[in-house]
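Let me begin by presenting the structure, written as structure tokens, before commenting on it.
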Number of protein chains: 2
Amino acid sequence: MADVAEKAGVSRALVSIIFRDLPGAGRETRERVLRVADEIGYRPDNAARLLARGRSRTLGVMFTVHQTFHTDLIAGIYPEAERLGYDVLLSGTTPGRGEAKAVEALLGHRCEGLILLAPDAEPGYLDQLGHRAATVSVARRAPGAQVDLVHSAEGKGVRQAMDHLVELGHRRIVHIDGGRGPGSAERRRAYRAAMRRHGLADHVRVIPGAHTEESGIEAGRLLLAERDRGLPLPTAVLAGNDRCALGLLMPLTRAGVEVPRDMSVVGYDDSHLSHLMPIGLTTVRQDAVLMAEHAVRFAVDRLENPELAPREAVLDPKLVVRGTSGPAPQEPA
Amino acid sequence: MADVAEKAGVSRALVSIIFRDLPGAGRETRERVLRVADEIGYRPDNAARLLARGRSRTLGVMFTVHQTFHTDLIAGIYPEAERLGYDVLLSGTTPGRGEAKAVEALLGHRCEGLILLAPDAEPGYLDQLGHRAATVSVARRAPGAQVDLVHSAEGKGVRQAMDHLVELGHRRIVHIDGGRGPGSAERRRAYRAAMRRHGLADHVRVIPGAHTEESGIEAGRLLLAERDRGLPLPTAVLAGNDRCALGLLMPLTRAGVEVPRDMSVVGYDDSHLSHLMPIGLTTVRQDAVLMAEHAVRFAVDRLENPELAPREAVLDPKLVVRGTSGPAPQEPA
DNA sequence: GCGCTCTACTAGCGCGCTCTAGTGCGAGTA
DNA sequence: TACTCGCACTAGAGCGCGCTAGTAGAGCGC
């Protein structure tokens, strides 16, 4: 920077002004300085900039590398952050790299805001983070913690899905849950409530699962094994999320169970996977872009006003009926 | 830091030494300083640290948010980088966020090394990057550019797959290519060569595609439409990658084409998708972990010795036979 | 002529740390 | 005793910027 200043015959301060695009430099000088900088190959150094300015205007996003819905969210985070003048840094969790590590990496690179996609951490830890940076938890509640929350109204989504299935005549509706995955508890609860409400309390059945394809495959195998022992298949399955639904479809289709003729399957998320099947997956859409925008705005708002009380955005999910749900098959008399 | 120094009754320099875990501080003092720091809630500031040290020991990884194989690579990059004492920062490309932006974000955060997963940029641009940071391109050639290269021997992989199929009796083997995707050109070429080598030049057929599920679905529809017009289905398909293979399977299965009885399908990548199907996808494994490790080491080596000539790691892919490939169906006489 | 404002520009401190070149001191050696 | 050595520790100069307070000079009204 000093070199540029000297070569352009101005002070360092003016170079700084020009590179920050502030008023206070003549048209001509501005051009000359920029030209010289380009010649020298000068680029402002971010670390020094941060240090001097005290602010980084950077948001850190923690996500799970293999979670498709997260990538949808990320795609929504970038443009909104850019619009508000913030940088975005990503840090992933993998089977061998826990959340704490991922978060420390972000904090270590001076992220002022933290957007945690479906964190698995306990509220106490989140609260701690909330005091170190403007923290937003997506899809995971953190009661009492100093963090903002963005999630969808799981109850509403499940209710819509269940109403849809019941309307189609289904009675033996099974739920593969998402284990300790975010939103799973709520979805499970809403499933049970819906079954009761529709007078199907006797048919309530929750198969423990997770938000992975594997869990769907396993559940499918379980159901098929039961069928082979003479038990009836459920006529409909409400999966914990799309990945689980997709996994479930694999063994079913393989075994000749036709969807939706023999069984209806409903997913959750409307991740980009849902479009993949030629007939399309009936699913509950969580608007990833909208969630992402809320998360970014929460973080930014809090950065501009740290005193803000924790806020919560509850987005309405919406049932998207595609090809994997249809009328219940005739019950054998 | 000054506060800690004062409260512990030592100089700032000593605090610095202690926090960097260097020799030169007494056992007792060390403990006292750490205790005081903990009380005050002091954490070393990374920006200042970078600034003062002149090095960041940070690698930036550019990846495509929706590309499953990239997430496999990332999972391999983290541990290797940590082992070598480097931090990792991720920046994703999305449909609305080009590679240049993603890379600038990384550079802006002082990444000294750049690992580009399947960059789509021209060699000229890569060369430019190569001069700004230790750059490694994964899966994409960049002739003449100052970057290291990690890729797999596409030819060998395709040859193995083709040999496997031909051995199973297949003759009408179609290739859905990966468009301008990384490695596609090589795979296409190797497919053609293999067909010729097996005396199947007349059956060569490349369906233009991409490394996405959508392209697989489209190709599947195309083939089915042809069948409906009376043309024979190919007995085997070599897909551009796993995602494409998976997409292809959807319409086929739906249409009653049983895999592998009626048609064999071979993917490429062995991304974690491949295990998803109950019968498993026959695919060509590119060892993601190994590729990741090479990439990290290349970057680190170059950082420690910037004069290094561009290097290239060519990894041998390996055919993994799972359930989607089987003997060719009897040709109608 | 004076005071005023406005634009274009500069001096120099400070951000929080690292690092080089020391100082002081007790133990070991000749 | 005089010396070297090694250890624990310190002083202080940067790292590359941003920012506040300021100056010089031009233009303007009275």
Side-chain angles (χ1 to χ4, degrees), chain A residues 1-38 40-58 85-87 104 107-112 132-133 303, chain B residues 1-38 40-58 85-87 104 107-112 132-133 303:
Chain A
M1 176 157 163
D3 297 348
V4 176
E6 191 181 354
K7 211 174 171 190
V10 297
S11 69
R12 290 191 311 101
L14 194 57
V15 177
S16 171
I17 284 172
I18 290 170
F19 266 87
R20 277 175 294 150
D21 224 0
L22 295 182
R27 185 131 207 76
E28 204 174 313
T29 323
R30 203 172 281 266
E31 280 166 14
R32 180 161 37 92
V33 168
L34 288 176
R35 191 157 31 75
V36 170
D38 196 52
I40 300 193
Y42 165 79
R43 293 168 187 281
D45 179 317
N46 220 29
R49 193 167 250 186
L50 295 195
L51 185 59
R53 175 166 50 193
R55 285 210 48 187
S56 70
R57 296 190 74 85
T58 300
Y86 279 76
D87 253 15
E104 286 307 326
L107 253 20
H109 284 269
R110 280 213 148 204
C111 292
E112 310 176 300
R132 288 175 64 187
L303 285 174
Chain B
M1 176 157 163
D3 298 349
V4 176
E6 192 181 353
K7 211 172 171 193
V10 297
S11 69
R12 291 188 311 101
L14 194 57
V15 176
S16 171
I17 284 173
I18 290 170
F19 266 86
R20 279 176 294 151
D21 223 0
L22 295 183
R27 184 131 208 75
E28 203 174 315
T29 323
R30 205 173 278 268
E31 279 166 14
R32 180 161 37 92
V33 168
L34 288 175
R35 192 158 29 74
V36 170
D38 195 52
I40 300 194
Y42 165 79
R43 293 168 188 282
D45 179 318
N46 220 30
R49 192 167 252 187
L50 295 195
L51 184 60
R53 174 164 50 193
R55 287 210 45 187
S56 70
R57 297 188 74 85
T58 300
Y86 279 75
D87 253 16
E104 285 308 325
L107 253 19
H109 283 270
R110 280 210 148 206
C111 292
E112 310 177 299
R132 289 175 63 187
L303 285 174

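All figures in this text were calculated on a predicted structure; none of them were measured in a lab. Protein chains get the first letters and strands the later ones, always in sequence-line order, with residue 1 at the start of each.
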So, using side chain to side chain donor-acceptor pair (under 3.5 Å) as the criterion, who are the partners of [X] when residues are at least two apart?
X	result
B:Glu31	none
A:Arg32	none
A:Asn46	none

### Message
Apply side chain to side chain contact (heavy atoms under 4.5 Å, CB included) to residues B:His109 and A:Thr58 and explain how you reach the verdict.
### Response
CA-CA 10 Å; B:His109 283 270; A:Thr58 300; 3.2 Å; yes
### Task
With DNA chain D as reference, determine whether B:Val10 or A:Leu50 sits nearer its 5' end, using the nearest nucleotide of each.
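Per heavy-atom nearest nucleotide, the more 5' residue is B:Val10.
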#### Entry: Set of salt bridge (Lys or Arg N to Asp or Glu O under 4.0 Å) partners for B:Asp87, sequence neighbours left out
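B:Asp87 satisfies salt bridge (Lys or Arg N to Asp or Glu O under 4.0 Å) with no other residue.
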### Listed partners of A:Arg132 passing salt bridge (Lys or Arg N to Asp or Glu O under 4.0 Å), at least two apart
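Partners of A:Arg132 under the salt bridge (Lys or Arg N to Asp or Glu O under 4.0 Å) test: A:Glu104.
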### Task
For D:dT1, give its Watson-Crick or G-U wobble partner with both distances under 3.5 Å, or none.
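Because both required distances fall under 3.5 Å, D:dT1 counts as paired with C:dA30.
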Mind checking side-chain contact (heavy atoms from CB on, under 4.5 Å) for [X] and listing every partner two or more places apart, or none if nothing turns up?
X	value
B:Leu51	A:Ala48, A:Leu51
A:Arg55	A:Arg53, A:Arg57, A:Tyr86, A:Glu112, A:Leu303
B:Ala37	B:Val4, B:Phe19, B:Tyr42

### Task
Could you check which residues of residues 13-38 of chain B get a heavy atom under 4.0 Å from DNA chain C? Sort them by number, please.
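Here the set is B:Ala13, B:Ser16, B:Arg20.
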### Task
For DNA chain D, note the earliest and the latest nucleotide, 5' to 3', having some atom under 4.0 Å of a heavy atom belonging to chain B.
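Using the under 4.0 Å cut-off, the span is D:dA8 to D:dG16.
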#### Entry: Rounded distance (Å) that lies between atom P of C:dC17 and atom CG of A:Asp45
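Those two atoms, CG and P, are 17 Å apart.
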### Query
Heavy atoms under 4.0 Å, any strand shown: does A:Met1 hit a base, just sugar-phosphate, or nothing?
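Sugar-phosphate: the residue A:Met1, judged by heavy atoms under 4.0 Å, touches backbone atoms but no base.
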### Query
Which part of the nucleic acid does B:Arg43 contact within heavy-atom distance under 4.0 Å: base, sugar-phosphate only, or nothing?
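If one applies the 4.0 Å heavy-atom cut-off, B:Arg43 turns out to touch the sugar-phosphate alone, with no base involved.
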### Query
Could you give all pairs that pass the side-chain hydrogen bond (donor to acceptor under 3.5 Å, both in side chains) test and reach residues 6-18 of chain B, with sequence neighbours left out?
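Matches after skipping sequence neighbours: B:Ser16-B:Arg20.
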### Message
Let me test you: for the helix from C:dG1-D:dC30 to C:dA27-D:dT4, what is the angle between the axes at its two ends (five pairs each), rounded to 10 degrees?
### Response
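It works out to 50° between the end axes.
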### Message
Please evaluate residues A:Leu14 and A:Val33 with respect to the criterion side chain to side chain contact (heavy atoms under 4.5 Å, CB included), reporting the C-alpha separation (whole Å), side-chain torsions for both, the decisive distance (0.1 Å), and the verdict.
### Response
CA-CA 9 Å; A:Leu14 194 57; A:Val33 168; 5.5 Å; no
